[in-house]
Every structure is written in structure tokens, then in C-alpha cells.
Colleague: 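The structure follows.
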Amino acid sequence: MSDYLAKLNPEQREAVETLDGPLLVLAGAGTGKTRVLTTRFAHILMSGKARPWEVLAVTFTNKAAREMRERVAHILGRPVEGLWLGTFHALCARMLRRHAELVGLKSSFTILDADDQLRLLKQVMEAERVDLKRWPAQGMMAIIQRWKDRGLTPARVTPAEDTDYAANRGRALYEAYQERLRALNAADFGDLLLHMTEILRTHPEVLADYHRAFRYILVDEYQDTNLVQYYWLRLLAQRPDPQPQNICCVGDDDQSIYSWRGAEIENILRFEKDFRGAKIVRLEANYRSTRPILGAASGLIARNTGRLGKTLRPGRNDADGEKVRVVSLWDSEEEARMVGERIESLRRSGHSLNEVAILVRAGFQTRSFEERLIVLGLPYRVVGGLKFYERAEIRDAMAYLRVLNQPADDLAFERIVNTPKRGLGESGMRALHELARAERIPLHDAAARITEGDALKPKPRNALRELIQGFARWRQVNAKEGHVVAAATVLEESGYTAMWQADRSPEAPGRLENLKELLRAMGEFQNLAGFLDHVALVMENDENAEGERLQIMTLHAAKGLEFDTVFLPGWEEGLFPSQRSLDEGGEKSLEEERRLAYVGITRARKHAIISHAANRRIYGNWSPAIPSRFLDELPEEMIMREGASASRGMRDTPSVFGGGGLLARRPRVIEAGAWEVKERPAHSASFARGERVFHDKFGYGTVLQVEDDRLEVAFDKADTKRVLDRFLRKASEA
DNA sequence: AGTTGGGGCATTTTT
DNA sequence: TGCCCCAACT
């Protein structure tokens with residue numbers, strides 16, 4: 001027997017070895033889902049059932065795709081070429097490049113990011129004279145995305161679907177938006193799936209090609225698929241008899257937490273009906289967490305109805321462990337202090353900070369913890385900050401490259417035509433737009449034409465001519481010397497680099513550094529088009545992971561991760577479960593919140609500390625908070641209560657905090673006063689450039705500029721910020 | 001063209 | 001309470 005199979009337990013082996021016919025693998029948290037998926041992939045190749053390019057393997061994130069690629073290569077002992085392994089979007093983009101003309105695009109189409117999408121839709125709506133005050137473009141975007149999620153092209157949207165926006169003009173706006181995309185030779189993220197599904201639906205010969213091509217299909221996180229992804233998969237999987245439908249979906253209905261993004265939990269619940277003769281394998285042996293953690297999570301999730309049903313059991317013999325802590329606190333400040341203290345003590349006892357995470361329900365909760373951790377000097381990282389590709393300088397540079405690649409990319413052209421400043425103001429842009437619209441030509445071509453006449457003042461006219469001539473030249477550089485040289489030349493000759501060099505702001509050097517990084521990254525790609533696709537689809541987060549850091553992130557962001565110690569703060573009615581889910585979605589969305597709680601608890605290997613506060617500041621005002629109903633749903637024998645909840649029944653308003661435990665140690669009065677430290681009296685000391693200072697919120701930093709009472713400070717653990725001197729202390733006094 | 005101040009808004013987010 | 005976006009200044 002191959003040794004990669006020997007490492008599996010019986011149920012995992014069944015999931016790997018059941019190669020023929022539809023298979024659903026219900027993989028509970030920590031049951032070796034990724035191992036099964038990658039081993040199955042390798043097993044298909046090793047057993048000779050298919051060649052690498054005959055397997056279609058789909059994930060949701062680039063990270064998951066990368067991981068699968070690496071692990072398959074590891075099992076096989078060599079890298080594998082020619083795989084159809086990637087995210088839904090990347091795979092669809094690849095396919096769509098082959099068939100673009102079937103939906104009115106050219107193979108060279110541009111993939112727009114969220115920002116471009118919204119700007120384009122705004123333009124469309126303005127042109128259609130929609131009152132954007134009354135009907136924000138965001139709302140229309142959301143509707144269009146939901147339609148795309150459900151596989152609805154404008155033609156497939158029925159009047160009954162089109163009732164809740166801009167006096168039933170939603171469908172018309174959607175159609176106009178799609179026309180604009182086509183005119184720009186562009187596709188948004190939703191289009192990648194939508195167009196490909198539409199092609200497979202309406203072009204049997206294309207579908208038949210793919211039926212022949214893919215003998216096996218593997219899908220990760222099936223519970224997160226939306227309808228259009230489901231249609232796409234089903235079309236590809238439902239091969240005509242006698243060819244077997246070898247689709248294997250791996251997922252966990254208990255971890256479906258993305259319905260608000262269009263995911264349909266019904267997809268996984270319905271699997272057996274969709275695919276004749278489907279087999280279901282349950283992975284229930286958990287190798288990650290201790291017995292109490294599993295017991296707490298299982299007890300909680302058992303309250304949900306409409307599950308496929310599965311019970312985690314400890315897969316290791318040493319799985320006994322500490323009970324899940326449920327800590328009651330007076331207010332959110334005290335909660336942050338409690339978490340900080342425990343992390344400090346963990347660190348003192350040799351615990352790695354990389355193995356600690358604080359998982360919150362909503363982004364704004366991270367702040368109180370950040371503030372506390374800065375004061376304590378504990379290094380942390382907030383997952384999900386600004387991404388590399390989202391930074392202004394990168395987006396600008398990308399826009400230059402997009403115009404280089406495709407002159408008709410109006411969105412990109414518009415972004416850079418006056419960056420750096422070329423003296424093109426509102427009137428100049430209007431003239432340009434009018435010419436482009438009148439002649440039905442791209443802005444780039446209109447710009448070339450307009451410099452021939454005298455519609456523009458001399459300064460912008462000359463600058464614009466230079467830009468257009470520049471692009472012609474740079475395209476030749478691209479053809480002759482490659483995209484990296486071309487990119488460097490573009491940034492240099494367009495004056496873009498010079499713009500940042502002349503910038504006196506403290507961010508400028510970092511931005512120039514980022515541009516260099518961009519050029520470096522380009523070197524890894526064959527050509528410009530390949531690179532642009534990569535950036536559009538593979539939004540890499542260039543977080544520098546160096547050094548030991550604890551992590552703060554949302555529960556959503558934590559799915560798929562694991563840590564020795566997990567803090568789960570803010571378990572209060574209205575916050576978790578969130579008010580909105582209580583108000584709107586009824587029982588269904590409450591169940592999704594419960595799944596989110598389940599995801600949170602099951603992230604912990606050894607220690608889970610859940611907490612709630614009796615008082616929380618909401619939009620500035622303190623208001624009392626009731627413990628989350630989820631706390632009552634945890635099996636009593638799996639948890640250990642601390643603070644008020646230790647001696648009193650839950651769900652009462654915890655007005656009296658007299659119970660034992662850690663929190664009762666200090667008198668309440670001192671607790672309440674402690675946070676007033678913020679209101680420090682104005683500091684008479686003045687600061688000098690280069691001086692080390694301390695800020696309650698941002699921590700230590702160095703003074704860059706002084707203007708009266710306003711200082712510019714480069715903080716060690718935060719960006720450079722402008723702050724008033726009264727919020728600063730000298731580092732030596734901090 | 002850049003700054004400033006008022007008003008509206010305030011889960012979760014990947015591609 | 002705080003942030004972000006837009007509109008109206010200078």
C-alpha cells in the first residue's frame with residue numbers, strides 16, 4: 001500500500017479511494033479536510049486514472065489553491081505542471097480567455113476590481129439620470145452582484161425580480177452596465193463566472209469539450225458556493241452517460257458563514273439529489289482540539305436545525321484538557337484588559353504569540369484590543385488591512401500598465417490622465433469625454449485626436465500629446481525589451497516616479513519602495529497580460545510575517561485557521577449574534593451566527609476563552625449588554641465560568657459584580673477610573689524633530705515635523721500620523 | 001486644485 | 001463617538 005494512504009484513518013481513506021461517481025465529503029472542523037483533498041488529488045494521478053490536466057480542482061481563495069498545489073507536489077515528490085487548479089474566478093478567467101468572443105469580448109479583456117466596478121456603475125447611472133442621492137450606486141452594485149451570483153444575465157432577470165430599486169429600473173441599469181463593460185472589453189469578478197456559465201449553457205460543443213477534458217472534479221469549501229458556481233460545476237460534472245460523473249465536493253454545512261455574500265447552504269444540503277448515486281463520507285475524528293473544546297462546539301451547533309448531521313469526536317487519545325472559559329466582565333475596557341493580561345502571562349510562561357488569536361465578530365472591535373496591546377507592548381497583527389494592490393500608488397501604476405496593455409481601457413486611462421498633474425481640469429476632461437462619446441472611440445484615442453485641434457489650452461494639450469506619444473513609445477519598449485523594462489520606463493518617463501520623489505510627505509518613500517516591489521513582482525511573469533491577470537485575481541496581501549505576533553481578526557477571516565489559544569470576546573446579544581441578523585434574517589440568520597460561533601470555538605487547539613461585558617460603548621454611548629444566548633447553549637460540563645457568571649445564572653442583567661475569580665480582585669471604582677487616563681491634561685512641553693514620543697493609541701514614535709501644536713509623528717507600530725501635541729508624552733516619561 | 005467642514009452612517013468580504 | 005464622502009469654499 002502506498003505510504004500516503006497509510007497515514008489516513010479509515011473514513012479519510014474511504015474519501016480518498018472512492019474515485020468513481022459523485023462523492024460528498026462532510027469534513028468537520030479539524031478532521032483533516034485538506035489532507036483528504038490533496039491526497040485524493042495525488043491518488044488520482046498516482047493510480048493512473050487521469051493525467052494532471054484532466055483534473056479540475058477548485059478552491060475559493062488563492063491561499064487554498066497554493067496550499068493544495070504545494071501539498072500535491074509534496075506527496076508526488078515533484079512539482080506538477082499543467083494543472084487546472086485554482087479559484088473559481090481564476091479558472092473561469094482562464095476558460096473565458098478562450099471563448100471570450102462568444103459573449104462579445106476579446107480574449108484580451110481586462111478584469112476590473114471592486115473600485116473600478118463601482119466607478120463604472122456610477123457613470124452609467126449618471127448617464128441614465130438616476131438620482132444617486134436617493135439611489136446610491138452601492139445599492140445597485142449589490143443587486144447586480146446578487147443577480148450575477150444567481151447566474152442571472154440581464155435577459156434572465158424577470159420583472160418580478162426588478163422591484164426594489166430606482167423605480168424598477170434595476171434591470172435596465174444592469175443591462176446598461178453590462179453594455180459598458182463590453183464596450184470597454186472588460187469583465188468584473190461576477191462576470192467571470194456568469195459569462196462562463198452562460199457559454200456552457202448555450203454552447204453544447206464547448207461544454208462537450210470540457211466534458212472530455214475533465215475526468216475528475218474536486219471542489220473545496222462546497223458549502224460556500226453560490227448558485228452560479230453551482231451551475232458551473234454541475235454543467236461541467238454532469239457528463240453524458242456512460243461517462244461517470246466524478247465530482248467530489250468537500251465541505252462542512254456547519255461552517256457555512258457566507259450567505260450574505262450569496263453562498264447557498266442548500267447547495268451542500270441538496271448534493272445527494274443533484275447527483276444520482278452520490279455517496280457521502282463523514283469525517284468526524286478531530287485531531288485539532290481538546291475534548292472540552294469539541295464538546296462545547298458540538299453542543300452549540302446541535303441547536304441548529306437543517307443540518308446534514310455530524311458529531312466531532314476527539315481523534316487523539318491525549319485529547320483531555322482544560323475547560324472552555326467563559327469570563328464575565330464589567331465593560332469592554334475591562335474585557336480588553338483581561339485579554340491583555342492573559343496574553344502577557346501566556347508569554348511569560350513561554351507560549352508563542354503566533355499561537356494566540358483574538359477573534360471578533362465585527363471589525364470595529366479590534367480597536368479596543370489594539371489600544372490595550374500597544375500599551376502593554378505586545379506585538380500584534382490585524383489581519384485584513386489595506387492590501388498591497390489597494391494602495392494608491394500601486395493602483396496608479398497598474399492603471400498605466402493597463403493602458404499600455406489595452407489602450408481602450410477607459411477606466412484606467414481616466415485614472416492616470418491627470419496623475420501626475422498635467423493641467424487637465426474639469427473642463428478639459430469634459431471636452432475629452434464629449435469627443436470620445438461623439439466619435440465612439442476610447443478616451444485614449446480621443447486624447448490623441450484632441451491634441452490636434454485647439455479645444456484644449458496649450459499646457460494640457462502639450463502634456464496630453466506627450467502622454468499619448470509616450471504610450472506609443474512604451475508599447476514598443478514592451479515589445480522589444482519586455483514588460484519589466486517597459487514598466488520602469490513608463491513610471492519614469494510619465495513623471496509618475498518624479499511625482500512621489502517631489503512629495504514631501506512621510507509616506508512618499510514607502511510608496512516609491514512599493515513601486516520597486518511591483519517591478520520586482522512583475523519579473524516573475526512571462527508578459528504584461530499575465531501579470532495584470534495575476535494582480536486582478538490574486539490579490540496578494542503583502543503582510544510581512546516576520547517576528548512573533550499575536551493576531552486579531554474577524555471570525556470570518558479565521559475560518560480554516562487554528563491556534564493554541566483563542567480569545568472570543570464580545571459574546572453579547574446584539575453584537576454576537578449581531579443585531580442585524582436578529583432583526584432581519586430570522587431563524588435562518590441566527591443559525592448562521594451560531595455557525596460562526598462554532599467556527600470560532602473550533603479554531604482553538606488547547607484554550608478557548610469566551611468573554612462578554614455588561615457594558616459596552618456603542619457609537620459613543622455606554623449601554624448595558626446582555627450575555628449572548630450562545631453562552632447558555634454551551635454544555636455546562638464543558639465550560640468554566642469566571643467573574644459574575646460563576647456564581648449567578650446567566651442572562652440576568654449582570655448589575656452586581658461580586659462573584660469570585662480574577663475580576664473581583666480589584667475594586668470597581670478603580671476599574672471605572674482607569675480609562676480616564678486618556679484625558680491627560682495638556683502638556684506644556686514642546687517637542688522637537690527626531691524626538692521619541694508616546695501616544696496612548698498609537699504607541700511609540702518619532703517626531704518628523706512640528707507646526708505649532710500639530711506634530712507629524714512616525715509611529716513604530718502604526719502609520720505616520722498628524723496628531724496634536726497634547727496627546728503625546730515624551731517617551732522618557734511614558 | 002487643495003482644504004475644510006457638515007451630514008450621514010456605522011457586520012461579516014473574497015475574487 | 002468617529003470616519004468617510006461630498007460639496008462648497010479660498
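Each chain gets a letter, A, B and so on, in the order the sequences are listed, and its residues count up from 1.
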Colleague: So if I take every side-chain heavy atom of A:Glu593 and compare against B:dT15, B:dT11, B:dT13, which nucleotide ends up nearest?
Modeller: B:dT11
Colleague: Give the rounded distance in Å between these two atoms: CG of A:Asp331 and P of C:dT1.
Modeller: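 To the nearest whole Å, that distance equals 17 Å.
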Colleague: So is the aromatic ring of A:Phe189 stacked onto the base of B:dT15, judging by whether the centres are under 5.5 Å apart and the planes are under 30° apart?
Modeller: yes
Colleague: Check whether the aromatic ring of A:Phe60 stacks on the base of B:dT15, taking stacking as ring centres less than 5.5 Å apart and planes within 30° of each other.
Modeller: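 The base of B:dT15 is not stacked with A:Phe60 (the test needs centres under 5.5 Å and planes under 30°).
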Colleague: Quick one: is B:dT12 close enough that its OP1 or OP2 comes under 4.0 Å of any side-chain N or O from A:Ser581?
Modeller: no
Colleague: Among C:dC6, B:dT15, B:dA1, which nucleotide sits nearest the side chain of A:Lys122?
Modeller: C:dC6
Colleague: Any chance you could measure A:Asn405, atom CG, to A:Met398, atom CE, to the nearest 0.5 Å?
Modeller: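 It comes to 9.5 Å.
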Colleague: Could you check which of B:dT15, B:dT12, B:dA1 has an atom nearest any side-chain atom of A:Thr554?
Modeller: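 My answer, after comparing the listed nucleotides, is B:dT12.
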Colleague: Let's see if you can work this out: which of B:dT15, B:dT11, B:dT13 has an atom nearest to the side-chain heavy atoms of A:Arg580?
Modeller: B:dT11
Colleague: Heavy atoms from C-beta onward define the side chain here; which of B:dT11, B:dT15, C:dG2 lies closest to that of A:Thr87?
Modeller: B:dT15
Colleague: Once you round it to whole Å, what is the distance between C1' of B:dT15 and CG of A:Asp149?
Modeller: 11 Å
Colleague: Whole Å only: how far is the CD atom of A:Gln255 from the P atom of B:dT14?
Modeller: 17 Å
Colleague: Is A:Asn62 near enough to B:dT15 that one of its side-chain N or O atoms lies under 4.0 angstrom from OP1 or OP2?
Modeller: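 For B:dT15, OP1/OP2 do have a side-chain N/O of A:Asn62 under 4.0 Å.
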Colleague: Please classify the nucleic acid contact of A:Gly190 as base, sugar-phosphate, or nothing, using heavy-atom distances under 4.0 Å.
Modeller: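 No contact.
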Colleague: Indicate yes or no: does A:Arg307 engage A:Glu591 in a salt bridge with an N to O separation below 4.0 Å.
Modeller: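 No, A:Arg307 and A:Glu591 are not salt-bridged.
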Colleague: Report the distance from atom CG of A:Leu590 to atom C1' of B:dT11, rounded to the nearest whole Å.
Modeller: 15 Å
Colleague: What integer number of Å spans the P atoms of B:dT13 and C:dG2?
Modeller: 22 Å
Colleague: Return yes if a side-chain donor-acceptor contact under 3.5 Å exists between A:Thr225 and A:Asn267, otherwise no.
Modeller: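 On atom types as modelled, these side chains qualify, holding a pair under 3.5 Å.
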Colleague: If I take atom CE in residue A:Met141 and atom C1' in nucleotide B:dT15, what distance separates them, rounded to the nearest angstrom?
Modeller: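 Taking atom C1' of B:dT15 as the reference, CE of A:Met141 is at 13 Å.
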Colleague: Atom CG of A:Asp220 to atom C1' of B:dT15: distance rounded to whole Å?
Modeller: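 Whole-Å distance recorded here is 15 Å.
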Colleague: Determine whether the side chains of A:Asn185 and A:Ser108 contain a donor N or O and an acceptor N or O closer than 3.5 Å.
Modeller: yes
Colleague: When rounded to the nearest Å, what value does the distance between P atoms of C:dC3 and B:dT12 take?
Modeller: 15 Å
Colleague: Taking the side chain of A:Ala362 as its heavy atoms from C-beta onward, which of B:dT11, B:dT13, B:dT15 lies nearest to it?
Modeller: B:dT11
Colleague: To the nearest angstrom, how far is A:Arg422 atom CZ from B:dA1 atom P?
Modeller: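 For the pair A:Arg422 CZ and B:dA1 P, the rounded distance is 13 Å.
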Colleague: Would you mind classifying the nucleic acid contact of A:Ser578 as base, sugar-phosphate or nothing, using non-hydrogen atoms under 4.0 angstrom?
Modeller: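 A:Ser578: base contact, heavy atoms under 4.0 Å.
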Colleague: Ignoring the backbone of A:Lys421, work out which of B:dA1, B:dT11, B:dT15 is nearest its side chain.
Modeller: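 Comparing B:dA1, B:dT11, B:dT15 against the side chain of A:Lys421, the answer is B:dA1.
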Colleague: Taking side chain as C-beta onward, heavy atoms only, is A:Phe531 less than 4.5 Å from A:Leu401?
Modeller: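 Yes, side chains in contact.
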Colleague: Hey, is A:Tyr619 doing a stacking thing with C:dG2, by the 5.5 Å centroid and 30° angle criteria?
Modeller: no
Colleague: With the threshold set at 4.0 Å, does a side-chain nitrogen-carboxylate oxygen contact exist between A:Glu592 and A:Arg261?
Modeller: no
Colleague: Whole Å only: how far is the OH atom of A:Tyr258 from the C1' atom of B:dT14?
Modeller: 7 Å
